[in-house]
Amino acid sequence: MNRRNLAQTLAVESQIRLPGSAGRLLQQMREILSVAPVFRDAGLVKRVDRPKVMDLTVSGVATHSCIKQALGGYIFASGAVRTDMQIHQNQVSTSGSDSVSELDDIDFEAQRRRLDLVEMRQAYQLVERLLQQQDRVQLILLDTPLFISRDMIPLKRNIKHSQEYEKTKSFISLFWQNYRHKLFPWDPNGPVLTSIIAERFSAIVSIAKQDLRTDEGRKHLLTTDGFDARKSEQLSDLEHQLSGIGDKRFIHGILGAFTRTIAFRMTENRSRMEPSEAVEPGVIGFHYRGGHSSQIQMVQLAGEEQVWNSELLNAVAWKLMVLDIQSQRKGRPLPQLLGMQQLKMLDQFAHYYRQGLSDAMKNNDVEETWLSGFDEEF
């Protein structure tokens with residue numbers, strides 16, 4: 001019996017499988033290229049024009065958190081940095097910065113989900129400070145979701161997670177009660193608050209597979225964004241054509257440089273977004289791509305759905321596209337990229353905090369501090 005090592009087995013298998021894999025991928029690419037013009041003609045994909053000379057004031061919030069093991073348990077460090085930026089006659093400059101941070105111990109339950117909530121609350125804290133200032137800004141960027149989604153809602157048995165959830169939910173709810181009137185579209189001259197999230201392609205892909213000839217199929221689309229119902233007949237067989245094509249490959253195939261998808265309602269099938277009273281006026285989103293090598297991003301916008309139209313959405317899209325910077329194959333708007341440079345120190349500070357905590361425990365400093373002055377009271 002002949003025996004082969006792993007290298008020989010892989011070499012034989014690759015020779016057998018390679019033609020079939022290449023053929024399937026080429027077929028999928030041809031399918032995508034065939035439907036791309038249909039998407040464009042129906043208004044599902046739109047080209048975004050940019051002005052040659054740009055004047056823009058923007059603030060970007062970047063967040064980060066980390067967890068370290070310490071003394072048989074865990075500690076965390078979480079921070080958010082806001083970078084204020086001006087573009088005047090295509091000249092870029094920073095105009096200010098602000099930050100918040102938290103360091104503490106944390107138990108094991110739902111650590112990552114709890115820190116996601118902490119990051120959301122810290123991002124909103126920096127936006128609140130900005131809106132309390134007199135400086136006018138056109139665009140505010142978050143790298144956290146605008147609202148709490150279903151998968152962030154805690155289980156009842158996770159007490160600490162539930163406490164953090166209620167704390168963040170209350171803060172976001174209060175923010176929208178106090179500052180909604182200062183934001184676009186409620187204030188026509190107010191800043192647009194946006195959330196930019198990467199790699200979430202399922203929304204537009206699922207819409208593409210609906211029967212857009214019917215009202216039920218179009219209920220997720222923002223019809224004020226220019227959907228051409230007369231072209232919907234050409235979209236009727238898309239589900240069969242797109243079967244087997246992954247979400248990522250599909251959306252990379254239909255979105256070229258400086259294009260975006262039609263806007264869609266994010267509250268139509270997301271009844272569990274919280275806080276419910278803040279979500280009620282509406283939440284919309286769309287995907288966009290800057291340059292040819294840019295990462296595709298999804299943006300969330302709050303506001304009355306009937307207010308947003310193609311012109312207003314394009315005005316938001318081109319601002320996001322010109323700010324898009326690629327760093328280590330990950331796209332971020334420039335203000336957030338600058339904020340992430342500051343947040344790199346967070347891991348090191350968590351290490352210092354862990355070391356200081358260990359030293360304090362060894363030297364008995366904590367108990368001495370607690371008991372200092374105790375005798376004087378009696």
Step-by-step salt bridge (Lys or Arg N to Asp or Glu O under 4.0 Å) determination, D98 to R82: CA-CA 5 Å; D98 196 5; R82 193 192 77 235; 3.6 Å; yes
Show the numbers, then the answer: is there a side-chain contact (heavy atoms from CB on, under 4.5 Å) between V279 and E274? CA-CA 7 Å; V279 174; E274 296 287 350; over 6 Å; no
Could you walk me through whether Q122 and S78 pass the side chain to side chain donor-acceptor pair (under 3.5 Å) test, one step at a time? CA-CA 9 Å; Q122 290 178 329; S78 180; 2.8 Å; yes
Please assess D143 against R332 for the test salt bridge (Lys or Arg N to Asp or Glu O under 4.0 Å), listing each intermediate value before the final yes or no. CA-CA 9 Å; D143 66 352; R332 279 183 177 271; 3.5 Å; yes
E119/T144 under side chain to side chain donor-acceptor pair (under 3.5 Å): CA gap, chis, key distance, verdict: CA-CA 7 Å; E119 291 175 8; T144 64; over 6 Å; no
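Counting all heavy atoms, side chain and backbone alike, A110 lies closest to N158 at CB-ND2, 4.1 Å. Of all heavy-atom pairs between Y353 and D104, the closest is OH-CA, 3.9 Å. Listed here is the closest heavy atom pair of V307 and L312: O-CD1, 3.5 Å. Annotation for L115 and S65: closest pair CB-OG, 3.6 Å, computed over non-hydrogen atoms.
Of the possible polar contacts, none joining the Q300 side chain to the S195 backbone as a donor-acceptor pair under 3.5 Å is found. Under the 3.5 Å distance criterion, the side-chain polar atoms of T168 are matched with a main-chain donor or acceptor of L117. A distance-only check finds a donor-acceptor pair linking the side chain of Q336 to the backbone of V61 [under 3.5 Å].
Surrounding CD of Q89 are more than 12 heavy atoms belonging to other residues, nucleotides or ligands, all under 6.0 Å away. For NZ of K68, the number of neighbouring non-hydrogen atoms (other residues, nucleotides, ligands) closer than 6.0 Å is greater than 12. Annotation: Q69, atom CD; neighbour count of heavy atoms from other residues, nucleotides and ligands within 6.0 Å does not exceed 12. Around CZ of R112, the count of heavy atoms belonging to other residues, nucleotides or ligands within 6.0 Å exceeds 12. Heavy-atom neighbours of I159 CD1 from other residues, nucleotides or ligands within 6.0 Å: at or below the threshold of 12. Within a 6.0 Å sphere centred on CZ of R354, heavy atoms belonging to other residues, nucleotides or ligands number more than 12.
In this structure, CD on Q297 lies 11.0 Å from CE on M321, to the nearest 0.5 angstrom. Remark: L183 CG to D187 CG distance equals 8.0 Å, nearest 0.5 Å. With values rounded to the nearest 0.5 angstrom, W176 atom CH2 is found 13.5 Å from E280 atom CD. We find the CG-OG distance between L139 and S59 to be 8.5 Å, quoted to the nearest 0.5 Å. To the nearest 0.5 Å, atoms OH (Y124) and CD1 (I172) are separated by 5.0 Å.
A tilted orientation is assigned to the rings of Y179 and F175, their planes being inclined by 30° to 60°.
Comment: E102 engages R121 in a salt bridge, judged by a side-chain N to carboxylate O separation of less than 4.0 angstrom.
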Which side-chain N or O atoms in residues 253-260 pair as donor and acceptor under 3.5 Å with protein atoms at least two apart or in another chain?
from	atom 1	to	atom 2	distance (Å)
T259	OG1	G256	N	3.1
T259	OG1	G256	O	2.7
R260	NE	N314	OD1	2.7
R260	NH1	D225	OD2	2.8
R260	NH2	D225	OD1	2.8
R260	NH2	N314	OD1	3.1

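Annotation: cation-pi geometry satisfied between R180 and W186 (NZ/CZ under 6.0 angstrom from ring centroid, within 45° of ring axis).
With sequence neighbours left out, D107 forms a salt bridge (Lys or Arg N to Asp or Glu O under 4.0 Å) with R114.
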